[in-house]
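What follows is one structure encoded as structure tokens, with my remarks underneath.
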Amino acid sequence: MSKGYSPKEIEKKWQEIWEKEEAFKVSEDRTKPKYYALVEFPYPSGQGLHVGHPRPYTALDIIARKRRMQGYNVLYPMGWDAFGLPTENYAIKNKIHPRIVTEKNVAHFKEQLKALGYSFDWDKEINTTDPNYYRWTQWIFLQLYKKGLAYKSEMPINWCTSCKIGLANEEVVNGVCERCGGEVVRKVKSQWMLRITDYAEKLLDGLDNVDYIEKVKTSQRNWIGRSEGAEVDFKLKGKEDVLRVYTTRPDTLFGATYMVISPEHPFIETYKDEITNYDKVAEYREQAAKKSDFERTELSKEKTGVGLEGLSAINPVNGKEIPIWVSDYVLMTYGTGAIMAVPAHDERDWAFAKKFNLPIIEVVAGGNVNEAAFTDTATGKLVNSDFLNDLEVTEAKKKIITWLTEQKIGKKKVNYKLRDWVFSRQRYWGEPIPIVFCEKCGYVPLPESELPLLLPEVDSYMPTDTGESPLAAMTDWVSTTCPCCKGPAKRETDTMPQWAGSSWYFLRYLNSHNDKEFASKEAIDYWMPVDWYNGGMEHTTLHLLYSRFWHKFLYDQGLVSTPEPYQKRTSHGMILGENNEKMSKSRGNVVNPDEIIEEFGADTLRTYEMFIGAFDLSAAWSKEGVKGCRRFLDRVWKLKDMIVEEDGYSKELEIKLHQTIQKVSQDFEGMKFNTAIAAMMALVNEFYRIEKVTKKEFKTLLLLLNPVAPHMTEELWEELKFDGHIYQASWPEYDKEKTIENEIEIAVQINGKVKATVKVEKEAEAAQVKPIVFEIPVVAKAVEGKTIVKEIYVKGRIYNLVVK
RNA sequence: GCGGAUGUGGCGGAAUGGCAGACGCAUCAGACUCAAAAUCUGACGAGGGCGACUUCGUGCGGGUUCAAGUCCCGCCAUCCGCACCA
């Protein structure tokens, strides 16, 4: 007997060999076909790696290793998205500089990742908090600023009362702060914004040319929320001024019986003196402003509002005077902040009209507008609408838009739900925004030569109650000279959000040591786009959309070579605790990967996480399941004692070998890692059944298994004295012809029910099979005295007799 | 309310419209052992029958088909997003 499988020794051994030999360093040979595999870089938290992390990392490690064996020049990099609140909060609590905390956490993460044996090219490692990295984050920000895509604006922002920080819309979940769960209120602050809305159309169109899983595309489309409609101007009675609205149903214009403006609408101030109930209106506005987003959502069922007295509008199609109301169901941030209300054909307007007793006029026939709003646009014809009568909805839309355009009181208009990106944070641990404010020159960007603008050392990282960044207290740092007029100026004290660094990191990997550019043109041309990017669904409308935006901007500046950064995007499912609930400290169901590696080995952990279930679905952890995977690897290990001196594949398993190579190759690429492993298990079972394995068979198995269990397969490869190391070997080939058995067992059915099975040649014709089928006793008996109505034969599948 | 998923043995999960339950876990039995563990071999959806066999069975109700987990129509449940976007 030879020695047993001992992962603890061999895993460390091979990790050192790979490192020493620079086994996974990318080649500078640009004639080789490239493959860029990418996983989302982690935030190095104090808790260390979680068993959820290895799932996507292992999956793409498998792809990376397989592609290398297939002759590709593979880039599979790793880095650290290290700016962020938890580190800052930890630093505040423990009075340690966030940089020190980050260093410690990164070291721990790196050690853990190395223990898992990933084929990352560590030479490409990046860290978003490294000045040599964020120098370029700042640089890209300046380019955005120069093109007018970064601007400062007085904005009602989402303010977390607990973190004392402004949040992007995307960071507010159910009206509370995504990070701390604290209450979020609206607060007006001057904020840096990025004009992502300018790229709404491009972000939408680009989705047609990429290979993302469908649900990611759908979510992004919904998030961008494109809608087509029209803008219409309603004249204010007795004034020259108009109230402009946006509507997707211009066809229902004859049914507009009142108008509603948002509480923040500027007309309230403009016509302060004409509005006879201004006090009441102002009071309503104040109440609306005080409501947190959470309260607004809570009360969404019940409509509230105040009618404007002394001010009314004229419906342009019929000259009728209609009232104007104020209500918080109309949002200032979408469209024009004002709507024409058509209660007969809009549910919200209907509810509002019923509550405040406003007239409801049916203009599309087909429903009962006294009972409910009729919103169907596919059926029904226009009524009560003068020149639109009898038209279908789509026709009526076209006609009214033409009419509005001719009358110069409206036009076709496309709107998006997407809003500009709030890009300031009142925090210390982020990239400083490289802008100064000068009384004379206004906002002035720093010259690029002054980048990176380093984060200064501060005494306290605590955010202030006034909502200012801790940097604001650093008067020495804040006071500077204007790059433009050389007069006194003040630095911007807000920092960038965590999403900044991750918006372009995949470009830095290409050329991480470059100190002249964010990445060389040559490297970008060769490596981009990312061939396969895997990450969490939770980033679909955040990081994934933001980074596409930045990349599209860089593309428009001629700085990158492809319009889209990622060719393919997939998503992994979560790993749940044994109790089928999300793993969390409070639930006490967290599994630490270190312990699994200690007890079973990294190869077992990798195998298990790939075998646990369909990659894109969540799956519950099972300690017993881990044991099963270790058992499988033990069985592979022990095969070395069953090797026989025989050339090639053994006769009885030749087909099985070819089938397995085919299945494993296809399943890896299709993310069906679980069935690929199942196929290898089945092959191993076959070796045990016939109690032998040839050298070539074993070699093939090792090659197939290598991407999943790299350490063990290297060790066995060495022990059996195959050439070089397995990471240098080629992926096995299969012969399509040899994956199909000559003799196939087919099912014989009577009226669709299986009665027997019979072995026939794979290409046998019906005429050859028929006599064999009828000889089967069960069949003969079933057919006896009955009429055969129909016979169906599907080659290699079934022979079905329909009898009466 | 809108959008997206999911629903198959005791459990995790497999199945280009063609023998449902591959592979794994758990369980049971046998071999090995003084014994246990480990390992190897076998059984393992449910009901009925001594038995060759037989009936039922992929969330529920219909339908298409020689044949449905798979396709179509209508529901139910769970999970995840979004949520007054005019």
Side-chain angles (χ1 to χ4, degrees), chain A residues 4 173-175 213-219 221-223 225-227 229 245-250 252 260 262 296-297 299-303 327-331 333-342 345-349 351-352 415-419 537-538 540-541 573-574 576 580 582 607-608 611-614 616-629 631-632 634-635 638 672 674-685 688-689 691 745-757 778 789-803:
Chain A
V173 176
N174 293 328
I213 48 172
E214 210 48 44
K215 62 177 172 179
V216 169
K217 287 192 185 186
T218 309
S219 301
R221 287 193 185 109
N222 291 343
W223 191 259
R226 183 184 198 274
S227 75
V245 301
Y246 172 73
T247 176
T248 54
R249 296 295 305 277
T252 61
V260 188
S262 152
R296 265 207 187 192
T297 326
L299 299 169
S300 68
K301 290 275 181 287
E302 189 68 8
K303 297 270 183 289
S327 173
D328 64 3
Y329 85 87
V330 173
L331 310 173
T333 44
Y334 184 78
T336 62
I339 62 155
M340 64 177 212
V342 185
H345 305 288
D346 181 281
E347 279 166 26
R348 294 150 302 177
D349 297 346
F352 193 84
N415 254 334
Y416 301 93
K417 286 187 202 171
L418 186 70
R419 318 234 180 113
M537 269 315 281
E538 70 274 21
T540 302
T541 54
M574 228 189 312
L576 307 170
N580 234 316
K582 199 171 165 175
T607 307
Y608 175 64
F611 187 63
I612 192 167
D616 58 330
L617 299 177
S618 56
W621 186 266
S622 154
K623 181 82 176 269
E624 294 303 324
V626 178
K627 270 174 36 193
C629 287
R631 197 171 296 157
F632 164 62
D634 278 326
R635 275 164 75 81
K638 285 186 294 185
K672 293 164 81 175
N674 54 337
T675 51
I677 292 168
M680 290 188 269
M681 287 173 169
L683 180 65
V684 170
N685 290 347
Y688 273 78
R689 188 178 59 81
E691 295 179 321
E745 199 179 59
I746 66 163
V748 179
Q749 304 180 328
I750 305 289
N751 293 339
K753 297 211 172 192
V754 179
K755 291 290 168 188
T757 59
V778 212
V789 184
K790 204 169 175 183
E791 289 178 55
I792 296 122
Y793 171 60
V794 182
K795 261 186 206 170
R797 295 283 184 192
I798 53 126
Y799 197 103
N800 188 12
L801 294 169
V802 185
V803 300

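Keep in mind that this is a model prediction, so the values were computed, not measured. Chain letters run A, B, ... following the sequence lines, proteins first, then strands; residues in each count from 1.
- Here A:Val794 lies in heavy-atom contact (under 4.0 Å) with a base.
- Comparing B:rC82, B:rU39, B:rG24 by their nearest atom to the side chain of A:Trp223 picks out B:rC82.
- A:Asn800 comes within 4.0 angstrom of a nucleotide base, judged by non-hydrogen atoms across all strands.
- Nucleotides B:rG7 and B:rC11 have their C1' atoms positioned 15 Å apart, rounded to a whole Å.
- When distances are taken from the side chain of A:Thr247 to each of B:rG12, B:rG13, B:rA86, the shortest belongs to B:rA86.
- Checking B:rA86, B:rG4, B:rA15 against the side-chain heavy atoms of A:Thr675 singles out B:rA15 as nearest.
- For B:rC32, there is no paired base (Watson-Crick or G-U wobble, both distances below 3.5 Å).
- In this entry B:rA68 has no Watson-Crick or G-U wobble partner, no candidate having both defining distances under 3.5 Å.
- With B:rC23, B:rA14, B:rU39 as the choices, the nucleotide that has an atom nearest any side-chain atom of A:Asn674 turns out to be B:rA14.
- Atom CD of A:Glu347 has 12 or fewer heavy atoms from other residues, nucleotides or ligands within 6.0 Å.
- B:rU58 and B:rA22: their C1' atoms are spaced 15 Å apart (whole Å).
- Residue A:Tyr688 is in sugar-phosphate contact alone, with no base atom involved, counting any heavy-atom pair closer than 4.0 Å across all strands shown.
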If you apply the rule side chain to side chain contact (heavy atoms under 4.5 Å, CB included), what do you find for A:Asp349 with A:Ile339, and how did you get there? CA-CA 10 Å; A:Asp349 297 346; A:Ile339 62 155; 3.5 Å; yes

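- B:rA5 is paired with B:rU78 under the Watson-Crick or G-U wobble criterion, all donor-acceptor distances under 3.5 Å.
- Across all strands shown, A:Glu791 has no heavy atoms under 4.0 Å from either base or sugar-phosphate atoms.
- Among the atoms of the strands shown, none is found under 4.0 Å from any heavy atom of A:Ile746.
- Between A:Phe352 and A:Tyr329, the angle of the ring planes lies from 30° to 60°, which puts this pair in the tilted group.
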